[in-house]
Amino acid sequence: MGSYLEIKYLEELQQQYASVEFDSEQPEPHIYVGTEDLLALMKELQENPIWAFDRMANITSVDYKEYIEMVYMLYSRRFDKWVTVKCKLDREKPVVESMTQVWPGTEFEEREIFDLMGVEFLHHPDLRRILMPEDYTAYPLRKDFVPLQPKIEGGVLKWLQPKSLS
Amino acid sequence: MATTEKFVLNMGPQHPSTHGVLQVQVELDGENIVGAKPVMGYLHRGIEKLMESRTYQQCVPFTDRLDYVSSMNNNLGFCMAVEKLAGIEVPERAQYIRTICCELNRIASHHVFIGSLTNDLGSATGMIYAFRDREKILDLFNIICGARMTCHYIRIGGVIADAQDEFLQKTEEFINYVPEMLDEYDRLFTGNEIFQKRMQGTSIISKEDALRFGMSGPNIRASGWDYDIRKIDKYGIYGKLDFDIPVGKTGDNWDRYIIRLQEIVESAKIIRQCLDNMPEGPFMAKVPKMLKPPKGDAYHRVENTRGELGFYIVSDGTNKPYRVHIRRPSFINLQALDHMCKGMVLADAVTAFATIDPLMGEVDC
Amino acid sequence: MHNGILYLAGQSLKELMLPIIGSELIVNLIMTLICIGILFMLVAVSALVFTLGERKVCAWIQVRIGPNRVGPWGLLQSTADMLKLLTKEDIIPHGVDRWMWVLSPILIFIPAAMVYALYPFDDGVIFADVNIGLFLLIAISSQSVLPFLMGGYASNSKYAMLGGMRTVAQMLSYEVPMVIALMGIVMITGSLKMSAIVEAQSNIWFIFLQPIAFLIFMVTCLVESNRPPFNMVEGESEIIAGPFTEYTGMRWALFFLAEFANLLSIGILTATLFLGGWQGPDFLPGQLWFWIKAFLMVLIYQWIGWTFPRTRMDTILSFGWKVLLPLALVNLLLTGFGIYIFKWLL
């Protein structure tokens, strides 16, 4: 299964990057990092041979109603180690650096997150909707999502806001 | 001086060789491909969202519909993630049965790969032969759980029913048939001159590119990485079993095909070991009907037939998952399509679709 | 002088009519019309038979059963298919070049049917035994390139256009090795007349004298008639159906009528040129030998088609120009030497 990155290494990272936080009580503490340090931290984890996190195993986002959380799970094939990096984003205007600058293979996954969760990625090569129609306006994976109503007006498909339930 | 003009050919979503509803906008200069852009979403059902409003047990059938030709592997991935989240121990017999089913499913899925590949190369005969053999596995699933494709057999905590003697006996018969089956494939198409000529040296993905695109499964192994989650994570009982990981050299279409043929042999090896060492005992752990895992999140990955399938589940302490994210291997593998098609001719694009083996149920989720 | 069954039947029919009608000219005219009718019947029936035959052979190769629901052993399947196609709506897509689009399926049928006039079915049974028979045959059959291109161009579809272009490229390239391979036969026979070619094989079939030419001819035949593994034109996994993509119903059926006429055509042609045509041991009539050989060749062509995967366009072309053409030229040279040595020995 591979083991999680030890606490001492996390502390090392904390010294390097000011915004890194983790709960050392837990057995497998997630790294919380601010958006400003995210890209630098990721670059360090991927490029520095002492970490060698060469695979972005899983990248996703969760809507916690107050904020949106980006979840990055990194896996190092060389050392068989895991680490989870999380990043809290403002729910009103979620913007984060694109990981395609570090792992180019995250392009589609970030497009999917942009499509379904509405997180905007800076410096992404081709940020468009990927699964939903291109003129869709809502973000389905958010907790307050209500499906839009499709309506054909004059031969053109339009997405209308649903009537208020209240 | 003669000049040529580029044009965009829209392949799909209704096209004979796009494996469902994949749309690819191929930019062509005559017959030479300049670029290929996949367009997805025609099969998007919002499974991740649907799972948020179902209980954990109700979520399992959704995973059948992801990669519908290897449903057992998807069941396994989701169930193991929930078991990890809730701390459920699975009985050993159940794990053996799960492994047998998953490996059978892997062979069946590779049959679909071989079938659709040969069909795309214009030899419908090959497809019929591959599907004839896949039928034998589907019949086995029919015996063990009553369903052929969307099995929903692996449940949280074990499997839903014990493996009957009839199933075990017929599985053994099938395993004995595997060498004969592969021999027939070799004679029909693997040894065919035209087949080799079309596959060898086309759509090469180098070792670095495969890692760069985040590929997984047989596609990354064809490029030379021995990256197999079954060997790395040793989940379930895979740590006790003896099997090899076939690895390719060049990463061309031919390697991707040969890797799958070798994987069939390895799967057969695994199944035989499981059949020989099958323990007696319960096949289901004690799992509460209203499963409420503790608050937190868990990620578990398994080696699906198409690569690294991961389930990330966030629990808020209720009986429904707060958020489920599925890392779908063929969705991520599809990123390499543009790279694979560039510089090839139109006929090679079809081979590239086939060897990358995307399944639209999984890509669109 | 001729003693084929069909020839004798034709002669007796002629003698029967002569006293009734009186004028030999009119009798000859009526006979000509009857022959044309029979040839067209042959083409149409062969299409019906081969739609079922192809599916049955294909099913047999693919360990399936094949059509068996309509009529006994599925014999009426092709009739049902034909009826279905006739009743389909005739869709003319928006933006097609209408005249060319409509003409293409009709024109494609003409060369396919016309070559049947030059086949010696039996001793003395040949509609037009002209002294440039083989040359005329190749000239007519190469006309089928044009309708493909017309259909492809006029459809206003990228798939059709690609298919049309592919047809032109492959058919033109393979015409050359085909003609040069057949030259060997002409050199041995010393005539382009079809009946003379068959008669020249009374002692030994040309397949034994010209084995290289036979193989080249088989490959070029498959390419010229767009049979798999060279069916680049309608390579269904790449360009859907090539020039036929936009056609529906009966127009589409006409393309397939021509294709099956061509299939029988290449079978007959191979049998005539290399397997001694209607000649064979006396215990069976010549007519029967002719059909046995022709159908055997058709079966072999289908067998090849359903076993091999499709080749790629660039490989086809380079194979034609770089392998088949030099091989055909070498064969021509060898034949010339062979004839010279043979004459010297005599």
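Reckoned from all heavy atoms, side chains included, excluding hydrogens, waters and symmetry mates. Order of the sequence lines fixes the chain letters, A, B, ..., with proteins taken first and strands second; residue numbering starts at 1 for each chain.
B:R198 is listed as a side-chain neighbour of C:R310, based on a closest heavy-atom distance under 4.5 Å. With contacts defined as side-chain heavy-atom distances shorter than 4.5 Å, the pair C:P309/B:N192 qualifies. Inter-residue side-chain proximity for B:L28 and C:L162 is flagged as met; some heavy-atom pair is nearer than 4.5 Å. For the pair B:E31 and C:M165, the minimum side-chain heavy-atom distance is 4.5 Å or more. At least one side-chain heavy atom of B:H15 sits less than 4.5 Å from a side-chain heavy atom of C:Y159.
Note on B:L188, B:V345, B:I194: by heavy-atom pairs under 4.5 Å with chain C, the leading option is B:I194. Most heavy-atom pairs under 4.5 Å with chain C: of the set B:L346, B:N10, B:L9, this distinction falls to B:L9.
Put simply, CD on C:Q62 and CE on B:M127 are 7.5 Å apart, with the number rounded to the nearest 0.5 Å. Between the CG atom of C:D314 and the CE atom of B:M344 there is a distance of 10.5 Å, given to the nearest 0.5 Å.
Remark: C:L86 CG is packed, more than 12 non-hydrogen atoms of other residues, nucleotides or ligands lying under 6.0 Å away. For B:K136, the NZ atom sits in a packed shell: over 12 heavy atoms of surrounding residues, nucleotides or ligands are nearer than 6.0 Å. Counting heavy-atom neighbours within 6.0 Å of C:Y153 OH, excluding the residue itself, gives a total of 12 or less.
Taking every heavy atom of both residues into account, C:K158 and B:V8 meet most closely at NZ-O, 2.5 Å. Nearest heavy-atom pair across C:R312 and B:A347 is CG-CB, 3.5 Å.
B:Y129 touches chain C through its side chain: at least one heavy atom from C-beta onward sits under 4.5 Å away, while N, CA, C and O do not. Proximity to chain C involves both the backbone and the side chain of B:T125, based on heavy atoms less than 4.5 angstrom apart.
Chain C is approached within less than 4.5 Å, heavy atom to heavy atom, by no residue from residues 110-117 of chain B.
Panel note: side chain C:R64, backbone B:I128; no donor-acceptor pair is recorded below 3.5 Å.
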